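Below is one structure, written out as structure tokens, with a few remarks after it.
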Amino acid sequence: TRMSTRAITCMTALLLSLATPGCAKIEARDAIRDGNKLYNDGKFLDAIASYEKAEQLEPDGVTVFWNRACAAEAQVLKMKDPAEKAERKQYADMALKDFQTWYDRLEQKTPEDEEQVKGHRLAILKADERCDDLIEHWLERHRADPKDERLYSKIAAQYDECGKPDQYMEWIAKRTKDFPESVQA
């Protein structure tokens with residue numbers, strides 16, 4: 001029997017709609033591989049563009065966010081010129097957001113995953129010279145674990161690095177007061 005033109009058109013549309021998600025996923029993986037090669041070649045901006053293409057093709061993927069975050073972080077780390085501050089902030093924001101999106105989308109999170117995100121966050125904040133965010137990070141850690149004596153040094157050092165000598169001295173004194181028996185204090 002002969003199929004009508006309308007039936008053939010409907011079948012073709014159905015087949016294409018079924019094949020498209022698979023094709024998009026393959027194209028997304030290809031874009032990720034291309035991005036990885038560009039990243040390894042030190043072409044971070046081109047890698048970011050490739051990862052953005054992968055995200056458009058497969059928006060619910062996880063890997064692309066980690067990869068783009070790493071490329072954006074690498075771009076931030078290489079931008080040392082003060083004239084690049086606004087652009088560096090843009091890539092720092094991208095990296096911070098993408099690391100968090102990657103972590104949030106993980107099906108099973110491990111303590112190592114959380115530590116990796118924290119480590120990258122600190123590196124980005126430091127490279128982007130975000131003193132207040134860095135201070136807040138260490139204060140949050142202190143609030144979560146006030147008995148961790150090492151955090152007093154981290155907080156004091158961060159205040160010192162940010163040019164806040166009064167707060168630096170405050171945390172040095174606070175450590176001595178809160179840990180009077182400590183050799184470090």
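As the structure is a computational prediction, the values presented were derived from the model and not from experiment.
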Open item on the list: Does R105 have more than 12 heavy atoms from other residues, nucleotides or ligands lying within 6.0 Å of its CZ?
Closed with: yes
Open item on the list: Please check if the number of heavy atoms outside K109 that lie under 6.0 Å from its NZ is greater than 12.
Closed with: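 Count over threshold, so yes.
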How far does [atom1] of [X] sit from [atom2] of [Y], to the nearest 0.5 angstrom?
{"X": "K118", "Y": "D113", "atom1": "NZ", "atom2": "CG", "result": "12.0 Å"}
{"X": "L45", "Y": "S50", "atom1": "CG", "atom2": "OG", "result": "12.5 Å"}
{"X": "W138", "Y": "R150", "atom1": "CH2", "atom2": "CZ", "result": "9.0 Å"}
{"X": "E114", "Y": "L106", "atom1": "CD", "atom2": "CG", "result": "11.5 Å"}
{"X": "S153", "Y": "D160", "atom1": "OG", "atom2": "CG", "result": "11.5 Å"}
{"X": "L96", "Y": "T101", "atom1": "CG", "atom2": "OG1", "result": "10.5 Å"}

Open item on the list: Do K174 and Y152 form a cation-pi contact, if we require the NZ or CZ to be under 6.0 Å from the six-membered ring centre and within 45 degrees of the ring's axis?
Closed with: no
Contact check, side chains of [X] and [Y], non-hydrogen atoms, under 4.5 Å:
{"X": "E73", "Y": "F99", "answer": "yes"}
{"X": "H137", "Y": "D133", "answer": "no"}
{"X": "E58", "Y": "V64", "answer": "no"}
{"X": "D98", "Y": "M94", "answer": "yes"}
{"X": "E84", "Y": "Y91", "answer": "no"}
{"X": "K154", "Y": "Y159", "answer": "no"}
{"X": "R175", "Y": "L151", "answer": "no"}
{"X": "W66", "Y": "H120", "answer": "yes"}

Determine, using the 4.5 Å side-chain heavy-atom cutoff (strictly less than), whether [X] and [Y] are members of one ILVMFWY cluster.
{"X": "I32", "Y": "I48", "answer": "no"}
{"X": "I155", "Y": "L134", "answer": "yes"}
{"X": "F44", "Y": "I124", "answer": "yes"}
{"X": "M79", "Y": "L122", "answer": "no"}
{"X": "V76", "Y": "V117", "answer": "no"}

Kindly give the heavy-atom pair with the smallest separation between [X] and [Y], and that separation in Å.
{"X": "Y39", "Y": "A74", "result": "CE1-CB, 4.1 Å"}
{"X": "L57", "Y": "A28", "result": "CD1-N, 3.7 Å"}
{"X": "R130", "Y": "A92", "result": "NH2-CB, 3.5 Å"}

Check this for me, if you would: do [X] and [Y] make a salt bridge, where the nitrogen-to-carboxylate-oxygen distance has to be below 4.0 angstrom?
{"X": "K126", "Y": "E161", "result": "yes"}
{"X": "K37", "Y": "D41", "result": "yes"}
{"X": "E136", "Y": "R143", "result": "yes"}
{"X": "K89", "Y": "D93", "result": "yes"}
{"X": "K25", "Y": "D60", "result": "no"}
{"X": "K43", "Y": "D34", "result": "no"}

Task: From CA spacing to verdict: ring-ring contact (aromatic ring centres under 6.0 Å, His included), H142, W171 - done: CA-CA 12 Å; H142 173 64; W171 277 88; 5.1 Å; yes
- [ ] Any chance you could lay out the side chain to side chain contact (heavy atoms under 4.5 Å, CB included) test for I135 and K164, step after step, and finish with the verdict?
- [x] CA-CA 11 Å; I135 290 168; K164 298 182 178 190; 4.2 Å; yes
Task: Derivation of the salt bridge (charged side-chain N to carboxylate O under 4.0 Å, His left out) call for E170 and K177 - done: CA-CA 10 Å; E170 177 185 324; K177 180 181 160 218; over 6 Å; no
Open item on the list: Determine whether R88 and E129 satisfy the following criterion, salt bridge (charged side-chain N to carboxylate O under 4.0 Å, His left out), listing intermediate values before the conclusion.
Closed with: CA-CA 10 Å; R88 184 180 67 213; E129 301 170 356; 3.6 Å; yes
